[in-house]
Amino acid sequence: MARHTSGLGAAGLLLLLVHGCSGTPRVDAAREADAIRALSRAWLAADEARNVEGAVSFYADDAVELASNTPIVVGREAIRSWYQSWLPDTNSSITFATSTVNISEAGDLAYERGTYRFVTSTSSGRDEDIGKYLTVWKKVAGEWKVAADMANSDRPLAR
């Protein structure tokens, strides 16, 4: 009888060890979401300061930018060129604000959803675009980096 109980105890212990090791690691989703919110605020500060290198530093090497009214921009170097084409323009401004951040169970992917406002001066006057964005973040060497950023306007289609 003692031998049988001992076997059940060992099997139970083995089951606990296997179950504990095979599960997804626990992630503090609230802490990770706060980290992404802080990164988003720092990214906005870089944009407001017209700091191209600062803005580009948030992107992963293989990131994709899908901005309103522009073709797809693939890779950090291409994103740098894209930023250089518009960010230094002191006749424009951009603001954005995070609405929600969702973290994957594994803690290596997240998405941020928010709103933006882009204002620029054109030959016909001031132009304001208001819209929404979705940014996918991924962990790269333990740091959150932008994998994909997409924005689209709330403007109605021209008819």
Side-chain angles (χ1 to χ4, degrees), residues 20-159:
C21 293
S22 67
T24 304
R26 297 281 179 203
V27 173
D28 185 342
R31 190 189 71 177
E32 297 294 344
D34 286 345
I36 288 175
R37 283 185 181 91
L39 287 167
S40 189
R41 287 189 301 272
W43 184 5
L44 176 59
D47 282 358
E48 290 173 333
R50 310 220 181 274
N51 179 350
V52 170
E53 291 307 312
V56 172
S57 73
F58 293 94
Y59 289 85
D61 289 340
D62 60 348
V64 177
E65 179 61 52
L66 301 132
S68 292
N69 308 323
T70 63
I72 188 171
V73 184
V74 180
R76 184 186 281 169
E77 292 309 311
I79 291 168
R80 177 178 284 108
S81 294
W82 173 73
Y83 264 100
Q84 288 169 336
S85 74
W86 69 269
L87 189 60
D89 180 5
T90 58
N91 292 319
S92 67
S93 68
I94 186 165
T95 58
F96 51 88
T98 304
S99 300
T100 61
V101 175
N102 288 291
I103 308 295
S104 70
E105 274 189 39
D108 58 348
L109 285 173
Y111 71 86
E112 170 190 4
R113 181 175 50 84
T115 57
Y116 73 86
R117 180 175 173 260
F118 183 73
V119 179
T120 191
S121 296
T122 67
S123 58
S124 56
R126 184 180 137 140
D127 184 47
E128 178 180 53
D129 183 27
I130 296 173
K132 60 263 180 213
Y133 69 87
L134 185 68
T135 303
V136 177
W137 295 82
K138 68 179 180 177
K139 285 272 180 105
V140 177
E143 293 183 29
W144 286 112
K145 293 290 182 181
V146 174
D149 184 48
M150 180 177 195
N152 60 40
S153 178
D154 288 346
R155 289 179 179 170
L157 288 174
R159 299 197 187 259

Exercise for review: Would you name the heavy atoms of Ile103 and Ala29 that are closest together and state the gap between them?
Suggested key: CG1-O, 3.6 Å

Check your understanding: Is there a side-chain contact between Thr115 and Asp154 (heavy atoms, below 4.5 Å)?
Key -> no

Point to revise | Stepwise side-chain hydrogen bond (donor to acceptor under 3.5 Å, both in side chains) test for Thr120 and Asn91 | key: CA-CA 6 Å; Thr120 191; Asn91 292 319; over 6 Å; no

**Study point:** Sequence-distant partners of Glu32, salt bridge (charged side-chain N to carboxylate O under 4.0 Å, His left out), two or more places apart
**Key:** Lys139

Study note, to complete from the structure: Interatomic distance, CD1@Ile36 vs CZ@Phe58, rounded to 0.5 Å, equals 12.5 Å

Check your understanding: Do you know the tightest heavy-atom contact between Trp82 and Ala67?
Key -> CZ2-CB, 3.5 Å

Exercise for review: Please round to the nearest 0.5 Å and tell me the distance separating atom CG of Asn69 and atom CG of Asn152.
Suggested key: 10.0 Å

**Study point:** Any Asp47 side-chain heavy atom under 4.5 Å of Phe96 side chain
**Key:** yes

Practice item. Please report the closest heavy-atom contact between Ala46 and Gly54, naming both atoms and the distance. Key: CB-C, 3.8 Å

**Study point:** Spacing of Asp127 atom CG and Arg155 atom CZ [to the nearest 0.5 Å]
**Key:** 4.0 Å

Study note, to complete from the structure: Tested for ring pair (Phe, Tyr, Trp, His ring centres under 6.0 Å) against Tyr59, the lone hit among Trp137, Trp43, Trp144 is Trp43

Exercise for review: Would you mind checking if Arg31 and Asp34 are paired as a salt bridge, meaning a charged N to carboxylate O distance below 4.0 Å?
Suggested key: no

Revision key, fill the gap. Of all heavy-atom pairs linking Arg113 and Leu134, the shortest is CB-CD1, 4.1 Å

Practice item. List the steps, then state whether side-chain hydrogen bond (donor to acceptor under 3.5 Å, both in side chains) holds for Tyr133 with Glu112. Key: CA-CA 8 Å; Tyr133 69 87; Glu112 170 190 4; 2.7 Å; yes

Review point. Considering residues, nucleotides and ligands other than Gln84, do more than 12 of their heavy atoms fall under 6.0 Å from its CD?
Key: yes

Review point. Among Val146, Asp108, Asp62, which one satisfies side-chain contact (heavy atoms from CB on, under 4.5 Å) with Lys138?
Key: Asp62

Practice item. Spell out, as yes or no, whether a donor-acceptor pair under 3.5 Å connects the side chain of Arg80 to the backbone of Ser57. Key: no

**Study point:** Those residues that, when tested against Arg76, pass salt bridge (charged side-chain N to carboxylate O under 4.0 Å, His left out) (two or more places apart)
**Key:** Asp61

Revision key, fill the gap. In this structure, CZ of Arg117 is separated from CD1 of Ile130 (nearest 0.5 Å) by 6.5 Å

Point to revise | pair Val136-Met150: side-chain heavy atoms closer than 4.5 Å | key: no

Check your understanding: Is there side-chain contact between Ser68 and Phe118, with heavy atoms separated by less than 4.5 Å?
Key -> no

Exercise for review: Identify the two heavy atoms, one from Ser153 and one from Asp129, that lie closest to each other, and give their separation to 0.1 Å.
Suggested key: OG-OD1, 2.5 Å

Check your understanding: What do the steps show when you test Arg41 against Thr98 for side-chain contact (heavy atoms from CB on, under 4.5 Å), and what is the final call?
Key -> CA-CA 9 Å; Arg41 287 189 301 272; Thr98 304; over 6 Å; no

